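Beneath this line is the structure, given in structure tokens, with notes to follow.
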Amino acid sequence: MKIDLHNHSYYSDGVLSPVELIRLAKEQRCDVFALTDHDTTDGLTEAKVEANKLGIKFIPGVEVSAMWSNMTIHILGLNIDIENEALQAGLKQHQEFRAIRALKMARGLGGAGVVGAMEKTQAVAKQGMITRTHFAQMLIQEGVCKDMKSVFKRFLTGKKPGGVGGQWAQFDEVIEWIHVAGGKAVLAHPLRYRMTNTKVKRMMSDLAANGCDGVEVVTGSSNTDEIALISQWAIELDLLASSGSDYHGWPNQRVRIGRLQDMPNSNKAVWNYW
Ligand code: AMP
Ligand code: MN
Ligand code: MN
Ligand code: MN
């Protein structure tokens, strides 16, 4: 079975529409597929309709931004009820913060000499949500930076011109939103935060103690050692294991839908619970 439980459409910072994503997932022979846009469920109904047509098992998901120890982390809500009011109220707060943050980021970039940052970034974003990915792609298109890595480092983090601190809900509150909506809460890409491995393990342990159900053991950019490490910690902490590519689809990105390494047999997979 080919399973990919982490993907983005143009309702957040992906390139493709939900329908295009499902068609691509079908081409890549995915059996189970989750759409997990940042802080929005807007694409889920369109994706579900297409998945039903093509015979893919569709898991409605969301990737929620959250604070842990003053840092931004991402918690996936998998198999959520999109009608749930508490979840939607939480996501709305995050969408409102994103709109304000975009204006602050544009102002910061303006101060660094990037003219018309807001308008140019709006032109990159196909839907209403403006993410840092859109700012990054704009700066690359404008020739200010050459790749995503350097643009985030030079412009979009910390005290850099377009850096604005996250004001997301605390992780335990986010886990609660996901649970009341009937979903499984899964820590996304544990090794992609700017933390030492010791701190990553402490975070996983703290999340587990606060009801988090699982962790992404396999992501589209994991190597064998990384998979082994998180697999082991998931077992120790009794966390379910998930697997997802984190596909966004920008031309300058290498990750593909459904091309994931195998999950170690020793882990309990989150999809066994559906
Ligand atoms: P936001 O949620 O608007 O703060 O944007 C975060 C998104 O930016 C992540 O989900 C990634 O898609 C992207 N991102 C963050 N850091 C990097 C990076 N160093 N290289 C490429 N993409 C990044
Ligand atoms: Mn993203
Ligand atoms: Mn993420
Ligand atoms: Mn993601």
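Given the structure is predicted, the values throughout are model-derived calculations rather than measurements. We count ligands from 1, going down the list as the structure has it; atoms in each ligand are counted the same way.
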Measuring from atom CG of L156 to atom SG of C145, what distance do you get when rounded to the nearest 0.5 angstrom?
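It comes to 8.0 Å.
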Let me confirm one number: the CG-CD distance from L78 to E63, rounded to the nearest 0.5 Å.
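Reported value, rounded in 0.5 Å steps: 10.0 Å.
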Considering only the protein, which heavy-atom contact is closest to [atom], and what is its distance?
atom	answer
atom 6 (C) of ligand 1	R132 NH2, 3.8 Å
atom 21 (C) of ligand 1	M148 CB, 3.6 Å
atom 22 (N) of ligand 1	F152 CE1, 3.5 Å
atom 2 (O) of ligand 1	R98 NH2, 2.9 Å
atom 1 (P) of ligand 1	R101 NH2, 3.5 Å

H248-ligand 1 polar pair, N/O distance under 3.5 Å
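By distance alone, the answer is yes.
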Does any N or O atom in H38 lie less than 3.5 angstrom from one in ligand 1, N or O only?
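H38 vs ligand 1: N/O contact under 3.5 Å present.
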Residue H74 atom name (nearest to the Mn ion (ligand 3); N/O/S):
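The closest N, O or S atom of H74 to the Mn ion (ligand 3) is ND1.
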Indicate, as side chain, backbone, both or neither, the part of H8 found under 4.0 angstrom from ligand 1 when only non-hydrogen atoms are considered.
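For H8, no heavy atom sits under 4.0 Å from ligand 1.
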Below a 4.0 angstrom heavy-atom separation, can you tell me which part of D13, side chain or backbone, both or neither, approaches ligand 1?
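The part of D13 near ligand 1 is the side chain, not the backbone.
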Could you verify whether a donor N or O on one side chain and an acceptor N or O on the other, from [X] and [Y], lie under 3.5 Å apart?
X	Y	value
D39	S12	no
D13	H134	no
N223	Q261	no
T41	Q88	yes

Between R23 and E27, is there a salt bridge with N-O shorter than 4.0 Å?
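No salt bridge links E27 with R23.
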Flag the pair E50 and K53 as a salt bridge only when some basic side-chain nitrogen lies within less than 4.0 angstrom of an acidic carboxylate oxygen.
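The answer is yes: the pair qualifies as a salt bridge.
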Ignoring hydrogens and geometry, is there a side-chain-to-backbone donor-acceptor pair from Y193 to H74 under 3.5 Å?
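Yes; judged by distance alone, with no hydrogens or angles, the pair exists.
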Is L76 reachable from M129 through a run of I, L, V, M, F, W or Y residues, each pair having side-chain heavy atoms under 4.5 Å apart?
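No, because M129 and L76 fall into different hydrophobic clusters, even though each may have its own neighbours under 4.5 Å.
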Are L5 and Y273 in one and the same hydrophobic cluster, where Ile, Leu, Val, Met, Phe, Trp and Tyr link if side-chain heavy atoms are under 4.5 Å apart?
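Yes, same cluster.
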Note, Q137 side chain near N252 side chain (heavy atom, < 4.5 Å)
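Counting from C-beta outward, Q137 and N252 do come under 4.5 Å.
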How about H6: does one of its N, O or S atoms come closer than 2.8 Å to the Mn ion (ligand 3)?
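Checking the Mn ion (ligand 3) against H6, no N, O or S atom falls under 2.8 Å.
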Keeping waters out of it, list the protein N, O or S atoms under 2.8 Å from the Mn ion (ligand 2).
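Near the Mn ion (ligand 2), below 2.8 Å, one finds D13 OD2, H38 NE2, H248 NE2.
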Show which atoms of ligand 1 fall inside a sub-4.0 Å distance from at least one heavy-atom site of T131.
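It comes down to these atoms of ligand 1: 3 (O).
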